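Presented below is the structure to which this report refers.
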Amino acid sequence: MRMMTKFAAATLSVAALTLSTTALAEVATGSQVPDMTVTDSNGKTHNLSDFEGKRVVLEWTNKGCPYVQKHYGSYNMQKLQKSATADGETVWLTVISSAPGKQGYEDGESANELMAEWDAAPTAVILDPEGDMGKAFNAKTTPHMYVITPDQTLVYQGAIDDNRSSNPATIEGAENYVASALADLDAGRPVATAETAPYGCSVKYKS
């Protein structure tokens with residue numbers, strides 16, 4: 001098992017983002033993703049529509065969750081992040097919907113420090129303390145994964161893989177649904193498994 005390596009937060013090539021949007025209807029598989037406004041740690045605003053033309057992977061996380069620790073402690077999540085974004089055509093957004101005072105809550109500085117400690121490689125970290133984005137996507141667990149096409153259609157949502165154990169030893173031999181969905185898109189074919197039941201810890205929403 002590869003140990004997590006801590007780098008200085010200043011070297012982290014991740015912008016911490018915080019969601020600024022009203023509550024939205026749940027996004028269904030096969031539907032267009034609604035636009036959402038986000039703000040990075042420097043105060044610059046972005047929209048999800050800014051990512052049109054690129055594939056987007058969404059990953060809900062919580063550092064205190066043993067299922068998240070399964071995938072980060074084994075370096076499985078980091079490898080998937082790096083593999084997915086290596087072509088420059090895929091954006092990976094790690095989302096933290098834990099509310100203040102609840103397990104997994106992070107502000108911009110601590111989120112960057114966490115990603116550095118984990119040697120994680122998302123394109124950006126989304127901070128969603130009000131839970132608006134999480135509830136819009138009906139994110140239930142950490143991890144909970146989503147794949148969005150360049151035309152902003154949601155083509156996969158659910159578990160990261162088909163082994164629901166928190167034991168890192170079960171990663172080997174499991175089917176990684178995110179990797180499979182991205183491979184289907186690379187091959188120009190429909191995503192074979194478009195929706196699965198997510199597993200993990202419940203998202204620690206404000207209410």
Side-chain angles (χ1 to χ4, degrees), residues 1-7 9 12-21 23-24 26-27 36 38-41 48 56-81 84 91-147 157-161 163-168 170-171 176-178 196-207:
M1 179 185 299
R2 178 169 175 173
M3 299 298 292
M4 297 177 189
T5 305
K6 184 169 183 178
F7 293 94
L12 185 68
S13 59
V14 172
L17 305 179
T18 182
L19 183 71
S20 175
T21 185
L24 298 164
E26 178 185 327
V27 182
M36 301 178 191
V38 294
T39 305
D40 67 23
S41 57
L48 288 187
V56 178
V57 177
L58 303 179
E59 168 222 347
W60 262 260
T61 197
N62 171 353
K63 68 180 179 183
C65 175
Y67 296 90
V68 170
Q69 294 165 5
K70 164 189 174 179
H71 291 286
Y72 275 101
S74 63
Y75 216 74
N76 184 55
M77 190 70 77
Q78 297 93 320
K79 288 190 293 185
L80 186 58
Q81 291 166 345
V91 171
W92 186 293
L93 304 179
T94 295
V95 186
I96 301 174
S97 291
S98 295
K102 295 198 175 183
Q103 183 193 65
Y105 170 76
E106 306 288 345
D107 61 19
E109 182 178 0
S110 64
N112 278 342
E113 290 174 352
L114 178 64
M115 293 298 109
E117 179 181 344
W118 281 350
D119 189 26
T123 307
V125 178
I126 304 290
L127 302 183
D128 181 37
E130 296 299 316
D132 292 333
M133 183 176 184
K135 291 174 182 178
F137 280 92
N138 197 27
K140 297 178 179 178
T141 65
T142 51
H144 197 154
M145 311 297 298
Y146 301 77
V147 177
Q157 62 175 313
I160 185 172
D161 63 23
N163 194 307
R164 303 173 71 84
S165 170
S166 62
N167 185 350
T170 63
I171 291 173
N176 190 297
Y177 292 125
V178 176
T196 63
Y199 71 85
C201 305
S202 62
V203 177
K204 310 306 182 189
Y205 288 119
K206 184 175 182 179
S207 60

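As the structure is a computational prediction, the values presented were derived from the model and not from experiment.
- Partners of Ser97 by side-chain hydrogen bond (donor to acceptor under 3.5 Å, both in side chains), not counting sequence neighbours, listed by chain and number: Trp60, Asp128.
- With contacts defined as side-chain heavy-atom distances shorter than 4.5 Å, the pair Gln157/Phe137 does not qualify.
- In this structure Lys140 satisfies the salt bridge (Lys or Arg N to Asp or Glu O under 4.0 Å) test with no other residue, sequence neighbours excluded.
- In this structure, Met145 and Tyr177 have side chains that are not in contact, with every pair of non-hydrogen atoms separated by 4.5 Å or more.
- The minimum heavy-atom distance linking Val125 with Ala111 is given by the pair CG1-CB, 4.1 Å.
- Under a 3.5 Å cut-off, the side chain of Ser98 and the backbone N or O of Gln103 do form a donor-acceptor pair.
- Contact of the Asn176 side chain with the Ile171 side chain is not registered, since no non-hydrogen atoms from C-beta on lie closer than 4.5 Å.
- Proximity of a side-chain donor or acceptor of Arg164 to a complementary backbone N or O of Ala159 within less than 3.5 Å is not detected.
- Under the side-chain hydrogen bond (donor to acceptor under 3.5 Å, both in side chains) criterion, Tyr199 pairs with Lys70, His71, Asp161, not counting sequence neighbours.
- No side-chain heavy atom of Leu93 sits under 4.5 Å from any side-chain heavy atom of Val57.
- Atom CE in Met77 sits 14.0 Å away from atom CG in Asp119 (nearest 0.5 Å).
- Counting heavy atoms from C-beta on, the side chains of Pro129 and Leu127 come closer than 4.5 Å.
- Considering only heavy atoms from C-beta on, Thr123 stays 4.5 Å or farther from Val56 through its side chain.
- Residues Lys63 and Glu106 have side chains in contact (heavy-atom distance under 4.5 Å, counting atoms from C-beta outward).
- Residues satisfying the side-chain hydrogen bond (donor to acceptor under 3.5 Å, both in side chains) criterion with Thr94, sequence neighbours excluded, are Glu59, Trp92.
- Contacts of Ser165 classified as side-chain contact (heavy atoms from CB on, under 4.5 Å), with partners at least two apart in sequence or in another chain: Asn163, Asn167, Thr170.
- Taking OH of Tyr67 as the reference point, atom OG of Ser166 lies at 5.0 Å (rounded to 0.5 Å).
- Figure legend: cation-pi geometry between Lys135 and Tyr205, with NZ or CZ positioned under 6.0 Å from the six-membered ring centre and within 45° of its axis.
- The line from CD1 of Ile126 to CG of Leu48 is 7.0 Å long, rounded to the nearest 0.5 Å.
- In this structure, OG in Ser202 is found 8.5 Å from CG in Asn62, a value given to the nearest 0.5 Å.
- Not counting sequence neighbours, the partners of Lys206 by the salt bridge (Lys or Arg N to Asp or Glu O under 4.0 Å) test are Glu130.
- Contact check for Thr61 versus Val95: no side-chain heavy atoms found under the 4.5 Å cut-off.
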